[in-house]
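Encoded as structure tokens, the structure appears first; notes follow it.
All chains are named by letter (A, B, ...) in the order of the sequence lines, taking the proteins before the strands, and each is independently numbered beginning at 1.
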Protein chains: 2
Amino acid sequence: MTTEAEADLDLALRALADGNRRAILQVIRSAPQPVGTIAEQVGLSQQTASHHLGVLRKAGLAVGTREGTRHLFAVDTDGLAAVRSYLDDFWPAKLAALKTVIEARQEGPRG
Amino acid sequence: MTTEAEADLDLALRALADGNRRAILQVIRSAPQPVGTIAEQVGLSQQTASHHLGVLRKAGLAVGTREGTRHLFAVDTDGLAAVRSYLDDFWPAKLAALKTVIEARQEGPRG
DNA sequence: AGCTAACACAAACGAAGGTTTGTACTCACG
DNA sequence: CGTGAGTACAAACCTTCGTTTGTGTTAGCT
């Protein structure tokens with residue numbers, strides 16, 4: 001369904017809208033890290049970091065792995081791919097839109 | 001400063017986080033349209049649409065052109081490019097190449 | 001089994017953002 | 001200049017979201 005992709009895109013975009021979550025992604029960008037380390041790196045409490053990790057997880061932007069008592073989180077490219085392909089859809093259209101702007105100005109106020 | 005690009009990215013990401021604004025981008029994706037038409041297309045009031053258009057404009061996602069009493073809005077790729085390059089930074093080189101392959105397969109014949 | 005560490009879940013609080021309502025401004029027209 | 005169409009700005013209201021606080025759950029250790 002197209003609606004499913006829409007919902008996934010919406011989750012990913014809303015997750016990326018927060019600076020703390022982007023900071024978390026930066027922290028786990030190179031290597032997966034436990035929640036405690038992530039919280040310390042971004043200057044958040046354990047609970048808040050865990051919350052944001054959950055948001056990122058549901059958005060398909062992060063994946064978690066059980067490592068004993070720790071929970072290692074890493075970047076998931078699934079959600080990022082959804083956003084990327086969404087953005088890419090605007091590139092070819094932009095050229096056409098730009099052309100239409102010029103045409104619209106040439107047409108004048110009345111159609 | 002890197003903070004400047006960060007601020008631009010933040011604006012674009014927060015602007016894209018709203019479904020109505022994404023709907024507006026879809027409306028003006030193919031051709032620039034006046035505020036009244038956009039509002040009608042997405043099912044919003046003129047004031048609300050104007051507000052979102054302002055958000056998209058400040059985020060570098062939309063550009064407006066004065067057309068007499070009308071104000072034509074079109075998609076601006078500046079903000080989208082900022083988001084795109086940000087996302088690309090998360091992909092390890094190997095995965096980025098893989099992603100490009102997938103995109104190429106989607107455009108080409110059946111694979 | 002008891003204890004400790006690491007993490008997740010849930011409710012409450014506060015702030016940020018979207019919608020509505022009202023109004024002022026600009027441009028086209030006579 | 002006065003009128004009407006189209007749009008932007010501002011304040012009030014309400015919803016959403018991030019943070020805090022408190023607590024439950026799982027795993028490792030003695």
Side-chain angles (χ1 to χ4, degrees), chain A residues 7 9-28 32-59 61-74 76 79 101 104-111, chain B residues 6-7 9-28 31-59 61-74 79:
Chain A
L9 177 70
D10 185 67
L11 285 174
L13 248 15
R14 275 174 14 199
L16 288 172
D18 185 58
N20 284 330
R21 284 195 285 263
R22 292 199 300 273
I24 289 178
L25 287 177
Q26 291 288 358
V27 169
I28 64 178
Q33 294 181 11
V35 179
T37 304
I38 296 171
E40 189 180 354
Q41 290 286 328
V42 299
L44 293 176
S45 66
Q46 178 269 316
Q47 291 90 335
T48 303
S50 179
H51 169 68
H52 288 310
L53 255 352
V55 174
L56 290 171
R57 187 179 204 170
K58 290 173 184 171
L61 296 170
V63 285
T65 318
R66 226 29 212 252
E67 182 71 27
T69 165
R70 294 187 187 86
H71 205 159
L72 298 178
F73 278 91
D76 184 10
V101 167
R105 294 186 57 163
Q106 288 173 349
E107 282 178 4
R110 294 287 285 256
Chain B
E6 257 277 344
L9 176 70
D10 185 67
L11 284 175
L13 248 15
R14 278 178 8 202
L16 289 172
D18 185 58
N20 286 329
R21 282 195 287 262
R22 290 199 301 273
I24 288 177
L25 288 177
Q26 291 288 357
V27 169
I28 64 177
Q33 293 181 15
V35 178
T37 304
I38 296 171
E40 189 180 352
Q41 290 286 328
V42 299
L44 293 176
S45 66
Q46 177 270 316
Q47 291 90 334
T48 303
S50 179
H51 169 69
H52 287 310
L53 254 351
V55 174
L56 290 171
R57 187 179 203 171
K58 290 173 185 171
L61 295 171
V63 284
T65 318
R66 215 49 200 244
E67 181 69 27
T69 165
R70 296 186 187 86
H71 206 161
L72 299 178
F73 278 91

Can you tell me how far P of C:dG18 sits from CG of B:L56, to the nearest Å? 10 Å
Who pairs with B:D10 by salt bridge (charged side-chain N to carboxylate O under 4.0 Å, His left out), at least two apart in sequence or on another chain? A:R22, B:R14
Reading 5' to 3' through nucleotides 12-22 of chain D, protein heavy-atom contacts under 4.0 Å coded B for base, S for sugar-phosphate only, - for none: -----SSBBBB
Rounding to an integer number of Å, can you tell me how far B:L53 CG sits from D:dA8 P? 7 Å
Without decimals, in angstroms, what is the distance between A:Q33 CD and C:dA6 C1'? 15 Å
Taking the side chain as every heavy atom from C-beta outward, state whether A:L25 and A:L56 have any pair of such atoms under 4.5 Å apart. yes
Tell me, yes or no, whether the heavy-atom count around A:E40 atom CD, taken from other residues, nucleotides or ligands under 6.0 Å, exceeds 12. no
Could you give the NE2-to-C1' distance, from B:H71 to D:dA5, as a whole number of Å? 16 Å
Within this structure, what is the CZ-to-C1' distance between A:R57 and C:dC9, rounded to whole angstrom? 13 Å
Would you mind telling me which of D:dT7, C:dA8, C:dA6 lies closest to the side-chain atoms of A:T69? C:dA6
To the nearest Å, how far apart are A:E67 CD and C:dA8 P? 14 Å
Expressed in angstrom and rounded to an integer, what is the separation of A:R70 atom CZ from D:dC29 atom P? 10 Å
Using atom CG of A:L72 as one end and atom C1' of C:dA6 as the other, report the distance to the nearest whole Å. 11 Å
For atom CD of B:Q46, decide whether the heavy atoms of other residues, nucleotides or ligands shown that lie under 6.0 angstrom number more than 12. yes
Just so I know, are the side chains of A:V55 and A:H51 near enough to count as touching, which here means a heavy-atom distance under 4.5 Å? yes
